Visitor: 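Below you'll find the structure I mean.
None of these values were measured; they are calculated from a predicted model.
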Amino acid sequence: MDEKQNGLLDLRGVSCPMNWVRTKMVLEDMEIGEKLEVWLDDGEPIRNVPRSIKDEGHKLLKVSPVEDYFRVVIERG
Amino acid sequence: MAVTLSETQIERYSRHILLKQVGGKGQKKILESSVLLVGAGGLGSPAALYLAAAGVGKLGIVDFDKVDLSNLQRQPLHHTPDVGKPKVVSAAETIASLNPDVQVVPYTAKLTSENIMGVIAGYDVIVDGSDNFPTRYLVNDACVFAGKPLVHGSIFLFEGQATVFQPGKGCYRCLYPTPPPPGAVPSCQEVGVIGVLPGVVGLIQATEAIKLVLGIGTSLAGYLLVYDALDMEFHKVKLRRNAACPVCGDHPTVTKLIDYEQFCGVAVTADHGSHA
């Protein structure tokens, strides 16, 4: 899957908790302060993943709805 | 770090990766770790199954015994068709089917003062699941000499014990300086054992081994955990390094490995010293 290009992780169609697992794997390899954009489905994903992001000390910079999904910008904490 | 998790590994270990204390980095540590299990019996079975499931990269298994039908009541590493096979072969087959990420290194030779240092040298953590005093003392002394962390476990009737011996912070001989005389303590072959008991104790050992590999939490080091299955009670008893310990004390008297069978003059038979 070619989803990690240019700090972008397209997790549309990936259900919980694998969407957060994949986000976490990418965040772990980033430097503090670096940014990552993830695309999450509406429903469970957008309810759960941002909470997990904050729980592990990362910053949610932006959550914007786009059609039927959300673009979430994270700053590695 | 050299290891990169594959897509299937990310999925297989996702419940580890989700944990804040583990994560992808911790899972890589587990995959790069090596654990030696002394005994593929009652304690070794659950330990082997769960350490393999966790993805321990190299799992050494020492056992010279063959699977007996009477083992299956408490040794779920071995299944009915395995009766008669060497335990390490049966263990390797079960583990290969459970998790192909794990390399099993089988040792069928009996551990002795001659070979033990070479066997333990290649491992980060040693888990003792043996059921006899000569092996327990040999493994303890070898871990003291090699500076290896040792996860101890033992069972008797309805009671189990577990602890961790960290190099320089006490050992099994601090607790019990010398083995009991031969015949003073009945072996598992003579007394019964409730099958679930080694399951609990072996998994406590596996838990401690995983924590040591990950470097998380507080280990049992410095405490003896005593588990009473009949009353379902756990007690932690404080342990201290004994300055007069014959092997790790200030003036050690045991300065080389001892093969207690010969020392005690116990006849070594085909099934003597098998593992719980």
Visitor: Tell me, please, which residues at least two apart from Tyr223(B) pass ring-ring contact (aromatic ring centres under 6.0 Å, His included).
Guide: none
Visitor: Run the ring-ring contact (aromatic ring centres under 6.0 Å, His included) test against Tyr13(B) and tell me which residues pass, sequence neighbours left out.
Guide: none
Visitor: I need the His235(B) NE2 to Tyr227(B) OH distance, nearest 0.5 Å.
Guide: 12.0 Å
Visitor: Whether Lys148(B) engages the ring of Tyr123(B) as a cation-pi pair (distance to the six-membered ring centre under 6.0 angstrom, angle to the ring normal within 45°) should be assessed.
Guide: no
Visitor: So if I take each residue of residues 50-69 of chain A and look for any heavy atom under 4.5 Å from a heavy atom in chain B, which residues do I end up with?
Guide: Asp55(A), Glu56(A)
Visitor: Going by the side-chain hydrogen bond (donor to acceptor under 3.5 Å, both in side chains) test, which pairs reach into residues 194-212 of chain B, not counting sequence neighbours?
Guide: Glu208(B)-Lys211(B)
Visitor: Sort Gln27(B) into side chain, backbone, both or neither according to what part of it lies under 4.5 angstrom from a heavy atom of chain A.
Guide: neither
Visitor: Taking 4.0 angstrom as the limit, do Glu28(A) and Arg76(A) come out as a salt bridge?
Guide: no
